[in-house]
Amino acid sequence: MIACRSPEPAITLKTWRVVALGDQIVPVGAGGHYLTMYFGPATRRVSGFAGCNQYNGSYFLVGDSLVISAVRSTMMAFTDGMELEFRFLRTLPALTHWQVTDSTLTLTGAGGVAMKLRRDSGR
């Protein structure tokens with residue numbers, strides 16, 4: 001008997017670019033770079049650029065529920081992007097749900113929409 005493997009959720013295997021963090025539209029970090037998220041299904045790790053530093057953490061998906069934990073980042077200090085990075089990293093453990101519509105990923109928490117992301121054309 002051949003076991004059928006369910007397809008990966010639409011959130012994984014893509015790099016997502018943050019286009020809104022709360023009510024802040026198109027936030028960019030140090031060097032004018034967008035914040036990013038990549039959900040690796042094999043490792044169950046989320047990673048990307050947080051505004052100044054690279055970060056990674058664990059994630060768990062069940063249906064449209066999302067839990068992100070154990071987030072760590074490199075510790076470089078920058079003059080631009082640090083406040084945005086702190087805000088972004090504080091948001092990650094508060095996320096509870098995800099939804100993909102077309103090329104937009106919407107992440108929500110207890111307070112409603114926490115961030116919106118678009119598929120990065122590079123990956």
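We're numbering straight along the sequence, starting at 1. Note that the coordinates shown come from a computational prediction; the quantities given were computed from them, not determined experimentally.
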Student: Do Leu61 and Ile11 have side-chain heavy atoms sitting under 4.5 Å apart?
Tutor: yes
Student: Quick one: salt bridge (Lys or Arg N to Asp or Glu O under 4.0 Å) pairs with a partner in residues 93-103, sequence neighbours left out?
Tutor: none
Student: Atom OG of Ser65 and atom CZ of Phe60: how far apart are they, to the nearest 0.5 Å?
Tutor: 9.0 Å
Student: Applying salt bridge (Lys or Arg N to Asp or Glu O under 4.0 Å) as the test, list every pair that has at least one member in residues 27-42; sequence neighbours left out.
Tutor: none
Student: Please name the pair of heavy atoms, one in Leu95 and one in Ala114, separated by the smallest distance, quoted to 0.1 Å.
Tutor: CD2-CB, 3.5 Å
Student: If you measure from CZ on Phe39 to CG on Leu66, what distance do you get to the nearest 0.5 Å?
Tutor: 5.5 Å
Student: If I compare all heavy atoms of Ala30 with all of Phe78, which pair ends up nearest, and what's the gap?
Tutor: CB-CD2, 3.8 Å
Student: Within the structure provided, determine whether Met37 and Met115 are in side-chain contact (heavy-atom separation under 4.5 Å).
Tutor: yes
Student: Is the backbone N or O of Gly63 less than 3.5 Å from a side-chain atom of Trp98, with the two atoms forming a donor-acceptor pair by type?
Tutor: yes
Student: Show the nearest heavy-atom pair for residues Ser73 and Leu89, with the distance to one decimal.
Tutor: OG-CD1, 4.0 Å
Student: For Gln99, which residues count as a side chain to side chain donor-acceptor pair (under 3.5 Å) partner, sequence neighbours excluded?
Tutor: none
Student: Determine the minimum heavy-atom distance between Ala10 and Lys14, stating which atoms define it.
Tutor: O-NZ, 3.0 Å
Student: Let me check something: do Leu35 and Met82 share a hydrophobic cluster, defined by ILVMFWY side-chain heavy atoms less than 4.5 Å apart, either directly or through other members?
Tutor: no
Student: Tell me, please, which residues at least two apart from Thr12 pass side chain to side chain donor-acceptor pair (under 3.5 Å).
Tutor: none
Student: Are Tyr38 and Leu105 connected in a single hydrophobic cluster, I mean Ile/Leu/Val/Met/Phe/Trp/Tyr linked by side-chain heavy atoms less than 4.5 Å apart?
Tutor: no
Student: Identify, with sequence neighbours excluded, every residue that meets side-chain contact (heavy atoms from CB on, under 4.5 Å) alongside Val28.
Tutor: Tyr34
Student: Would a 4.5 Å heavy-atom cut-off, applied to side chains only, mark Leu21 and Phe88 as touching?
Tutor: yes
Student: Once rounded to the nearest 0.5 Å, what's the spacing between atom CG of Leu117 and atom OG1 of Thr106?
Tutor: 8.0 Å
Student: Can I get a per-line list of side-chain donor-acceptor pairs under 3.5 Å for residues 47-58, giving both atom names and the distance, sequence neighbours left out?
Tutor:
{"residue": "Asn53", "atom": "OD1", "partner": "Thr74", "partner atom": "OG1", "Å": "2.9"}
{"residue": "Asn53", "atom": "OD1", "partner": "Met76", "partner atom": "N", "Å": "2.7"}
{"residue": "Asn53", "atom": "ND2", "partner": "Met76", "partner atom": "O", "Å": "3.0"}
{"residue": "Asn53", "atom": "ND2", "partner": "Glu85", "partner atom": "OE2", "Å": "2.9"}
{"residue": "Tyr55", "atom": "OH", "partner": "Thr36", "partner atom": "O", "Å": "2.7"}
{"residue": "Asn56", "atom": "OD1", "partner": "Arg45", "partner atom": "NH2", "Å": "2.3"}
{"residue": "Ser58", "atom": "OG", "partner": "Arg45", "partner atom": "NH1", "Å": "2.8"}

Student: Which residues pass the side-chain contact (heavy atoms from CB on, under 4.5 Å) test with Gln24, not counting sequence neighbours?
Tutor: Pro27, Leu84, Arg87
Student: Taking only residues two or more places apart in sequence or in another chain, which ones pass side-chain contact (heavy atoms from CB on, under 4.5 Å) with Ser103?
Tutor: Arg118, Arg119
Student: Answer yes or no: is there a side-chain heavy-atom contact under 4.5 Å between Val100 and Trp16?
Tutor: yes
